[in-house]
Visitor: 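Dumping the structure here so I can ask a few things about it.
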Amino acid sequence: MSIQKPSLPKGTRDFGPSQMAKRNFILDTIKDTFKLFGFQQLETPSMENLSTLTGKYGDEGDQLLYKILNSGDFLKNVKEEHLQEGVSAVLPLLAEKGLRYDLTVPFARYVVMNRNDITFPFKRFQIQPVWRADRPQKGRYREFYQCDADVVGTDSLICELEIILMIKRVFAKLGLTDYSIKLNNRKILTGLSEVIGESGREGELCVAIDKLDKIGWEKVQEELSQRGFSSASIEKLSPIIQLNQNNLSKLEFLKSFLASSETGLKGIAELEEVFGLLETYGENQSNIDFDVVLARGLSYYTGAIFEVKVNNVSIGSVSGGGRYDNLTGVFGLEGVSGVGFSFGVDRLYDVMEELGLFPESNMDRTKVLISYFDEKGYAYGLMVLSKLRGAGISSELYPDQTKMKKQITYADKKDIPFVLVLGDNEISERKVSLKDLKTGIQELMDLSTAVEKLKQSL
RNA sequence: GUGAUUGUAGCUCAGCUGGUUAGAGCGCUGGUUUGUGGCACCAGAGGUCGCCGGUUCGAACCCGGUCUUUCACCCCA
């Protein structure tokens with residue numbers, strides 16, 4: 001076999017020790033927060049039956065699904081006539097499994113399969129990778145982690161409140177301050193399409209209007225008229241586009257704008273209630289931005305819609321979610337309403353890296369390295385090692401008998417702040433020499449004293 | 001899926017209109033220092049120039065394909 005340069009599949013990454021330390025910092029923060037709010041963890045398999053996945057994400061989504069080739073003779077069911085019918089006829093014969101595309105659909109599947117054992121309302125969180133076969137670019141990977149928290153089986157707007165609170169907590173813990181939680185309600189968008197005389201077309205309206213930030217009002221108008229919206233309808237939208245006030249005045253304005261739409265008013269009422277709950281809870285409206293033109297594409301949202309953007313960075317949204325009335329309907333369980341959202345860890349990582357928010361020193365490093373010169377030191381060192389670990393101090397013994405220089409260099413490279421030197425003097429006096437690599441100071445002391453010093457120094 | 005873009009040492013990058021043996025800095029290994037890292041000095045290792053093919057007397061350089069990187073569109077975390 002010839003030697004080959006190893007490489008990674010497009011859009012995937014390794015995470016080395018220093019990256020993992022940072023990722024865990026984010027992951028742990030999110031996990032703690034979910035738990036604090038009473039969510040319980042769920043994990044589902046990386047692969048699902050393809051039939052579970054297909055048809056849930058639209059035509060484009062289906063194309064982005066990774067399909068898993070059947071084991072064994074995967075061609076055995078394929079006949080000539082299938083080949084002539086094209087890919088869509090052949091695919092189900094070749095692959096019956098696929099990699100999960102998000103965490104929401106597997107969750108819905110789980111809820112349906114376990115409906116008799118689940119106590120509703122069910123609050124679950126799930127932190128696992130998902131896979132999408134699209135072209136990688138900035139902040140977009142083919143394998144990435146999602147951190148979902150969903151509540152199913154209740155219409156209560158407390159859930160919306162809790163989502164906002166969790167986002168605020170996570171961001172505060174991560175040290176992110178300049179961000180906005182964009183908030184809207186699908187019912188408001190429905191109302192909007194009714195009021196401008198294009199009722200039932202809020203889907204298309206959303207797709208176009210969602211780009212306002214990116215391409216501007218002019219271009220959005222163009223797109224709308226290309227999609228067949230009348231110029232009169234488009235004209236009616238313009239006061240909405242120019243809305244630029246605080247959340248409450250925006251709500252007031254829309255109350256009159258949407259006066260003729262029952263659905264629209266319902267959306268407003270829901271949002272008002274969420275703001276009310278926020279105040280009752282004792283939290284302010286900082287970082288929360290009612291954004292009338294926020295329109296996340298996913299077709300299943302029916303109520304609140306969220307999206308979180310960090311300002312002044314080149315990464316897109318780092319979190320998003322919303323309420324869906326009938327998540328489990330496609331799997332035969334009707335009437336289960338839910339609301340959920342997701343953090344994109346990989347994007348949060350990129351954002352924090354761009355803003356330089358990670359602490360400088362390695363976050364989970366060994367505290368002390370034990371170095372020695374000979375067999376005697378090796379044995380003495382093992383005893384010391386056991387004492388250190390017993391005291392909860394993260395420590396290691398240099399595995400090979402080698403020069404002091406090499407051992408200390410190792411500690412230095414690994415960012416280990418302390419070295420215990422064990423030579424003949426130390427052994428005969430039953431003591432240790434503790435060297436602080438930062439200051440270079442080395443002192444002879446009892447092991448118990450060293451343990452205390454190491455415990456104190458964070 | 002569409003349109004661009006990138007690829008030379010472990011890393012960041014030089015490399016002239018195509019011309020002998022492809023360079024630098026950092027890093028790495030060893031030494032100056034057989035009980036001590038960072039600093040300094042000395043020495044050394046390390047490259048199928050992404051891959052395949054073509055043009056040419058001759059290709060890192062030109063052409064085609066392919067993979068990869070990055071970016072935009074679509075869509076999305």
Side-chain angles (χ1 to χ4, degrees), chain A residues 2-13 16 26 30 57-65 87 100-104 127-148 167 206-208 210-211 214-215 219 223 295-299 306-310 314-322 340-351 369-374 377 398 401-427 433-444:
Chain A
S2 64
I3 297 162
Q4 52 166 355
K5 244 186 212 164
S7 65
L8 284 173
K10 191 199 257 287
T12 66
R13 293 126 334 128
I26 300 174
I30 293 172
Y57 311 104
D59 288 346
E60 304 214 2
D62 282 357
Q63 293 200 317
L64 298 180
L65 282 175
V87 211
R100 79 167 95 77
Y101 177 90
D102 70 0
L103 301 178
T104 309
I127 300 176
Q128 288 187 275
V130 303
W131 295 269
R132 297 184 187 176
D134 61 359
R135 286 222 187 162
Q137 55 179 279
K138 185 151 200 146
R140 173 179 293 186
Y141 309 97
R142 284 183 163 178
E143 178 185 59
F144 60 97
Y145 270 71
Q146 287 193 330
C147 307
D148 275 34
I167 293 172
C206 289
V207 172
D210 195 34
K211 296 178 189 162
K214 229 176 187 174
I215 61 179
K219 294 270 181 190
E223 182 162 343
R296 295 175 47 80
L298 287 176
S299 48
F306 306 93
E307 182 164 291
V308 186
K309 284 210 64 169
V310 177
S314 57
I315 315 280
S317 66
V318 293
S319 177
F341 78 115
S342 179
F343 286 111
V345 190
D346 304 81
R347 285 194 175 174
L348 279 171
Y349 183 102
D350 290 347
V351 163
L369 175 79
I370 300 170
S371 66
Y372 57 95
F373 301 94
D374 50 25
Y398 196 86
Q401 231 180 80
T402 181
K403 286 180 236 182
M404 187 55 34
K405 179 190 172 89
K406 195 151 186 189
Q407 301 184 50
I408 291 184
T409 304
Y410 171 81
D412 194 38
K413 290 277 162 60
K414 251 188 103 170
D415 207 18
I416 297 174
F418 294 96
V419 173
L420 279 179
V421 180
L422 308 179
D424 288 343
N425 300 341
E426 287 82 3
I427 296 168
S433 285
L434 179 66
K435 184 182 173 86
D436 180 337
L437 288 197
K438 205 161 176 182
T439 60
I441 296 167
Q442 181 173 328
E443 285 179 276
L444 185 68

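Chain naming here is simple, since letters A, B, ... match the order of the sequence lines and numbering starts at 1 in each. Quick caveat, the model's predicted, so the values are computed rather than measured.
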Visitor: Is the distance from the ring center of A:Y372 to that of A:Y398 below 6.0 Å?
Guide: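 Centroid separation for A:Y372 and A:Y398: 6.0 Å or greater.
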Visitor: Between B:U36, B:A77, B:C74, which nucleotide has the shortest distance from any of its atoms to the side chain of A:Y141?
Guide: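 In terms of side-chain proximity for A:Y141, the closest of B:U36, B:A77, B:C74 is B:A77.
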Visitor: With a 4.0 Å cutoff (strictly under), does any side-chain N or O of A:K403 reach OP1 or OP2 of B:U33?
Guide: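 Result: no.
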Visitor: From B:C28, B:G35, B:C75, pick the nucleotide closest to the side chain of A:E60?
Guide: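 Looking only at side-chain atoms, A:E60 lies closest to B:C75.
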Visitor: Measure distances between side-chain N and O atoms of A:R135 and base N and O atoms of B:U2, and say whether any donor-acceptor pair falls under 3.5 Å.
Guide: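 Check passes, donor-acceptor contact within cut-off.
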Visitor: Considering only B:C71, B:G35, B:U32, which nucleotide approaches the side chain of A:K138 most closely?
Guide: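 Of the candidates, B:C71 comes closest.
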Visitor: When we call it a touch if two heavy atoms are under 4.0 Å apart, what does A:K406 touch: a base, just sugar-phosphate, or nothing?
Guide: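 Sugar-phosphate only.
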Visitor: Please classify the nucleic acid contact of A:G321 as base, sugar-phosphate, or nothing, using heavy-atom distances under 4.0 Å.
Guide: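 Result for A:G321 = nothing.
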Visitor: For a quick check of understanding: with a heavy-atom distance under 4.0 Å over all strands, which category does A:G139 fall into, base, sugar-phosphate or nothing?
Guide: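 A:G139: base contact, heavy atoms under 4.0 Å.
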Visitor: Applying a 3.5 angstrom cut-off to the pairing atoms, does RNA chain B sit in any stems of at least three consecutive Watson-Crick or G-U pairs? List them by first number.
Guide: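 Counting only runs of 3 or more consecutive pairs, the stems involving RNA chain B are B:1-4 with B:70-73, B:10-13 with B:23-26, B:28-32 with B:40-44, B:50-54 with B:62-66.
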Visitor: Can you list the residues that meet the side chain to side chain contact (heavy atoms under 4.5 Å, CB included) rule with A:S371, with sequence neighbours excluded?
Guide: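 If we apply the side chain to side chain contact (heavy atoms under 4.5 Å, CB included) test to A:S371, skipping adjacent residues, the hits are A:M404, A:Q407, A:V419, A:V421.
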Visitor: Which whole number of Å gives the distance between the C1' atom of B:G18 and that of B:U56?
Guide: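 Going atom to atom, C1' in each nucleotide, I get 9 Å.
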Visitor: Please determine, for the side chain of A:R132, which listed nucleotide (B:G37, B:C76, B:G35) has the closest atom?
Guide: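 It is B:C76.
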Visitor: Classify A:S371 by what it touches in the nucleic acid, base, sugar-phosphate, or nothing, heavy-atom distance under 4.0 Å.
Guide: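 No contact.
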Visitor: Rounding to an integer number of angstrom, what distance separates B:G10 and B:C28 when you compare their P atoms?
Guide: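 It works out to 14 Å between them.
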Visitor: Among B:G37, B:C74, B:C76, which nucleotide has an atom closest to any side-chain atom of A:L437?
Guide: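 Closest of the options to the side chain of A:L437: B:G37.
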Visitor: By nearest atom, which of the nucleotides B:C73, B:G37, B:A77 is closest to the A:D412 side chain?
Guide: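 So the nucleotide nearest the side chain must be B:G37.
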Visitor: Please determine if A:R132 forms a cation-pi arrangement with A:F144, meaning its NZ or CZ atom is less than 6.0 Å from the six-membered ring centre and no more than 45° off the ring axis.
Guide: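 No.
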Visitor: Give a yes/no on whether any side-chain N or O of A:K414 is located under 4.0 angstrom from OP1 or OP2 of B:G37.
Guide: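 Indeed not, no polar side-chain atom of A:K414 lies that close.
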Visitor: Say we look at B:U69 and B:G7: how far apart would their C1' atoms be, to the nearest angstrom?
Guide: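 B:U69 and B:G7 have their C1' atoms separated by 7 Å.
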Visitor: Under 4.0 Å, counting only non-hydrogen atoms across every strand here, what does A:V421 touch: a base, just sugar-phosphate, or nothing?
Guide: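 Since a base atom lies under 4.0 Å of A:V421, the category is base.
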Visitor: Can a side chain N or O of A:K413 be found less than 4.0 Å away from OP1 or OP2 on B:G27?
Guide: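 No, no such contact exists.
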Visitor: Between B:A77 and A:F343, is there a base-stacking contact, meaning the centre of the base's six-membered ring lies under 5.5 Å from the residue's ring centre while the planes stay under 30° apart?
Guide: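 No, the aromatic ring of A:F343 does not stack with the base.
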Visitor: What's the closest nucleotide to the A:Q137 side chain, out of B:G35, B:C73, B:G37?
Guide: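 Minimum distance to the A:Q137 side chain belongs to B:C73.
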